[in-house]
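A quick note: this is a predicted structure, and the numbers were derived from the prediction, not measured.
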Amino acid sequence: MFPWFSFLTYAVITAVTPGPNNMMSMTQAGRLGIRRSFSFNLGIWTGFTVVMALCTALESTLHAILPVIRVLMLFVGAG
């Protein structure tokens with residue numbers, strides 16, 4: 001079973017901590033206003049969702065195909 005709690009915790013923390021997407025979103029909203037920057041923010045959200053879904057699918061596939069490297073993947077991911 002996939003550890004959904006761990007994944008969702010990571011996704012939420014990654015989404016709300018200051019990073020390049022958050023900084024660009026704030027800059028766009030400051031320059032254009034919230035309504036005019038909505039499409040930009042929607043693009044950031046869509047891109048983030050796609051990246052998280054692809055990472056989840058790849059990790060799940062690797063875990064299913066190669067259970068031997070599970071410990072290695074845990075250490076590399078933590079690093």
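Using a 4.5 Å heavy-atom cutoff, the side chains of F48 and V51 are not in contact.
M26 and I34 are not part of a single hydrophobic cluster, where members link through side-chain heavy atoms under 4.5 Å apart.
The nearest pair of heavy atoms linking S37 to A29 is OG-CA, 3.6 Å.
In this structure, CG in N41 is found 9.5 Å from CG in N22, a value given to the nearest 0.5 Å. Distance check: W45 CH2 to L42 CG gives 7.0 Å after rounding to the nearest 0.5 Å. To the nearest 0.5 Å, atoms CZ (F7) and CE (M52) are separated by 6.0 Å.
T27 contributes a side-chain N or O that, together with a main-chain N or O of M23, makes up a donor-acceptor pair within less than 3.5 Å.
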